[in-house]
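Here the structure comes first, spelled out in structure tokens, and everything after it is commentary.
Nothing here was measured: the structure is a model prediction, and the numbers come from that model. Chain naming here is simple, since letters A, B, ... match the order of the sequence lines and numbering starts at 1 in each.
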Amino acid sequence: MSDKPSYYLTTAIFYPNGEPHIGHAYEYISADVMARFKRLDGYEVYFQTGSDEHGQKMQLSAEKEGLTPYELATRNAAVFKRVDDEVLDISYDRFIRTTDEDHYAASQEIWRRMVQAGDIYLDKYAGWYSIRDERFYTEDETEVRDDGERYSIETGTPVTWTEEESYFFRLSAYRDKLLKFYADNPDYAGPRSRFNEVIRFVENGLNDLSISRTSFDWGVPVPKDLTAGETDLDHVMYVWVDALTNYLTGAGFPDTTSERYRKFWPADLHVIGKDISRFHCIFWPAFLMSAGLPLPKRVIIHGFLHNAGEKMSKSVGNVVAPDAWVNTYGLDAVRFFLLREFPYGSDGSYTHDAVVSRKNADLANNLGNLAQRSLSMIAKNCEGRVPEPGELTEADTALLNQAKELLAINREAYEVQDFHHALERTWHVLGEANAYFAEQAPWQLKKTNEARMRTVLYVTAEVIRKVALLTQPVMPGSATKLLDVLGVPASGDAGRTNASGQGPRSFAAFGEKLVPGTPLPKPQPVFPRHEEE
RNA sequence: CGGGAGUUAGCUCAGUUGGUUAGAGCAGAGGACUCAUAAUCCUUUGGUCGUGGGUUCAAGUCCCACACUCCCGACCA
């Protein structure tokens, strides 16, 4: 293995019970962008995504369809995986399934450790249980309707009184430890406003957590040697121990001596949606503390996407499928839009016009057209080679310096997943470059001062090179094409693999310059304007 | 009900520890240019910073109340 610094990041694993929508895509894409950025910046990245396949719901659905739960999970997980692979070009290193064999081993080991720590005990859970919701309700969360049956008020699903033996995790004992941890690690979760919600929640006290079930068997079994003497029932782990542990599984746990584990655990970043922040900011660190394992460094909580300000929902019929968008706008435009349009962490609202506007104004006009106009002048007036610049004027160096600062600006922004800001600053420099180009008017210099024209064209192309390098994570395909037409020797793969960490297309080459005399291919537009159908 | 977040130009957003005439991009208007993807550049219209109070020499920026929107309220992508 290399001695490069490591970076381990994950998305949440999704419960594969429906079609992936643009919200899933948002999470995949943002994590992918982060992974690619780090690879291009010289890190050895391990990027994991996957599916959460256990649970009673899966078991019941499978029965209805006459499948085994595993068959159903396999079929449904493939739908999500296909979106990663064929629609969004997600550069994950492993698509983990909680039904994977090594995941069983990891889940059982963390359970064992929590038992050894004295944090797991057997008790009874009693309450109104909704199978549909897979959860218990307290009495006042339910109502008896006219039909004499009892229903959950919140979700309207039928509930039945259920008493079930269950193992519990002593979460209540972790209140103070967690609060101290939050205080010592103010960047553990972001954005700050969401982290504050979590902290407030913990301050109010924590109840112990039911972490096993006996009413169904589609899950990771609690090891029999741990239940012997306590119960004869077969317990399977209930959602969160199983699900969260996938992050450890990916790092090679339980083999804590392996090179893989030492390199990648603790994880650097968990990318999650705001709906599951409590699990990642409270349960997860508590489990790990109990198991005596290092805690992940950061959890970033993204917002939800709204269709023209309205929540996406099947009943309203405004759910957008990722491939529908990709077919309409193109993958890179979609990726760019999602990260540029709204600050990461806030909810975002999209409309057709907003996507088209970004695609045309930012991509086709400001970037694509600038590249095309400068490169076609080079093709026509500089023998199709990178021109030789003369002495630089103040205007030249001012622009070049602005472009040069972008690497540091981007690094800083990516460190806290502020993609919106990174792109805003990058496009600000493109605005400056367009103004520079118009101010210098190389098409007039052509008649009066060809040496000066060559300098202007060189400076412009060099700025575009820097921008193209930095936009590889966001728009791998387009940025690659852009670097192609700039004659930057092919190397790496726009962040898809760790090979991207070196060579002329890595960030290590950011400070270098286009080499005068390099032959250039015939310029071709990289960012077409949007055509309405 | 309880707790929390938000409310800045038509739209999407910036606004540092309170300090001179509140910013950007897009959209709109006018002009320029012709290298370029009807793109670009320049100029410009547009905001009583949700409402009402308060603190202060000074508040979008702190405090209080109200309005609207949204989130969470215990095991639910």
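Spacing between B/G2 and B/G18 at atom P, rounded to whole Å, works out to 31 Å. With P as the reference atom, B/G15 and B/U7 are 11 Å apart, rounded to whole Å. Between B/C57 and B/C62, the two C1' atoms lie 16 Å apart (nearest whole Å). For the C1' atom pair drawn from B/G28 and B/A9, the interatomic distance equals 12 Å after rounding to whole Å. Remark: the separation of the P atoms in B/U21 and B/A59 is 11 Å, to the nearest Å. Rounded to whole Å, the separation between the P atoms of B/A22 and B/C35 comes to 42 Å. Taking atom P on both B/C41 and B/A24, the two are 14 Å apart, rounded to the nearest angstrom. With C1' as the reference atom, B/U56 and B/C11 are 36 Å apart, rounded to whole Å.
A/Val202 comes within 4.0 angstrom of no nucleic acid atom, judged by non-hydrogen atoms across all strands. Residue A/Asp275 is in base contact, counting any heavy-atom pair closer than 4.0 Å across all strands shown. The residue A/Asn365 sits close only to the backbone: its heavy atoms come under 4.0 Å of sugar-phosphate atoms, none of a base. At a threshold of 4.0 angstrom between heavy atoms, the contacts of A/Pro343 are confined to the sugar-phosphate backbone, with no base atom among them. Counting non-hydrogen atoms under 4.0 angstrom, A/Glu341 reaches the backbone sugars and phosphates but no base. Residue A/Phe437 is in base contact, counting any heavy-atom pair closer than 4.0 Å across all strands shown. Residue contacts for A/Arg340: at a heavy-atom cut-off of 4.0 Å it reaches no nucleic acid atom on any strand shown. Among the atoms of the strands shown, base atoms are found under 4.0 Å from some heavy atom of A/Leu206. A/Lys380 comes within contact range of the sugar-phosphate backbone alone, with a heavy-atom separation under 4.0 Å but no base atom that close. At a threshold of 4.0 angstrom between heavy atoms, the contacts of A/Ala435 are confined to the sugar-phosphate backbone, with no base atom among them.
Rounded to whole angstrom, the span from the NZ atom of A/Lys274 across to the P atom of B/G4 amounts to 18 Å. Across the protein-nucleic acid pair, A/Asp362 atom CG and B/A39 atom P stand 14 Å apart, rounded to whole Å. As a whole-Å value, the separation of A/Trp240 CH2 from B/A74 C1' is 13 Å. Note: CD1 (A/Ile13) to C1' (B/A77) measures 11 Å, nearest angstrom. B/C42 atom P lies 13 Å from atom CD of A/Gln440, rounded to whole Å. Taking atom CZ on A/Arg194 and atom C1' on B/A5, their separation rounds to 8 Å, with Å as the unit. As a whole-Å value, the separation of A/Leu423 CG from B/A14 P is 14 Å. Between A/Glu432 atom CD and B/A24 atom C1' the separation is 11 Å, expressed in whole Å.
The OG1 atom of A/Thr214 sits 5.5 Å away from atom CG of A/Leu233, with the distance rounded to the nearest 0.5 Å.
Side-chain proximity of A/Arg278 to B/A74, B/C13, B/C76: nearest is B/C76. The nucleotide whose nearest atom lies closest to any side-chain atom of A/Phe201 is, among B/U37, B/U40, B/A74, B/A74. Residue A/Trp443 places its side chain closer to B/C33 than to any other of B/C26, B/U40, B/C33. Counting only heavy atoms from C-beta on, A/Arg373 has its side chain closest to B/C35 among B/C35, B/C75, B/U34. Checking B/U37, B/U40, B/C75 against the side-chain heavy atoms of A/Tyr238 singles out B/C75 as nearest. Of the candidates B/U34, B/C26, B/A36, the closest approach to any side-chain atom of A/Ser357 belongs to B/C26. Among B/C75, B/A36, B/A74, the nucleotide with an atom closest to any side-chain atom of A/Asn207 is B/A74. Among B/U40, B/C13, B/U34, the nucleotide with an atom closest to any side-chain atom of A/Asn434 is B/U40. You'll find that the side chain of A/Phe342 is closest to B/C13, out of B/U40, B/C75, B/C13.
Applying the salt bridge (charged side-chain N to carboxylate O under 4.0 Å, His left out) definition to pairs two or more places apart or across chains, none involves residues 420-441 of chain A.
A salt bridge links A/Arg335 to A/Asp32: one of the charged nitrogens lies within less than 4.0 Å of a carboxylate oxygen.
A perpendicular orientation is assigned to the rings of A/Phe95 and A/Tyr92, their planes being inclined by more than 60° (bins at 30° and 60°). Using cut-offs of 30° and 60° on the angle between ring planes, the pair A/Trp325 and A/Tyr329 is perpendicular.
Checking A/Asp347 against A/His428, the closest nucleotide of RNA chain B that is more toward the 5' end is the one next to A/Asp347. Residue whose closest nucleotide on RNA chain B sits further toward the 5' end, between A/His420 and A/Asp208: A/His420.
In summary, the aromatic rings of A/Tyr121 and A/Tyr167 are positioned with their centroids too far apart to meet the 6.0 Å limit. Between A/Tyr350 and A/Phe337, a ring centre-to-centre spacing not shorter than 6.0 Å is recorded. Taking the centre of each ring, A/Tyr28 and A/Phe14 come in below the 6.0 Å mark.
When the side-chain nitrogen and oxygen atoms of A/Arg529 are compared with OP1 and OP2 of B/A39, one or more of them lie within a distance under 4.0 Å. Between B/A24 and A/Arg425, no contact under 4.0 Å exists linking OP1 or OP2 to a side-chain N or O.
Taking 3.5 Å as the limit, the base of B/A36 and the side chain of A/Asn369 contain a donor-acceptor pair of atoms between them. Applying the 3.5 Å distance criterion, the base of B/A77 shares a donor-acceptor pair with the side chain of A/His21.
Scored by the salt bridge (Lys or Arg N to Asp or Glu O under 4.0 Å) test, A/Arg358 finds A/Glu341, A/Asp362 as partners (sequence neighbours excluded).
For the residue pair A/Ser51 and A/Glu53, a side-chain donor N or O sits within less than 3.5 Å of a side-chain acceptor on the partner.
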Under the rule of Watson-Crick or G-U wobble with both distances under 3.5 Å, where | means paired to another strand and [ ] a crossing pair, RNA chain B maps to (((((((..((((.....[...)))).(((((.......))))).....(((((..]....))))))))))))....

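Using modelled atom types, one side-chain atom of A/Asn76 and one backbone atom of A/Pro16 make a donor-acceptor pair closer than 3.5 Å.
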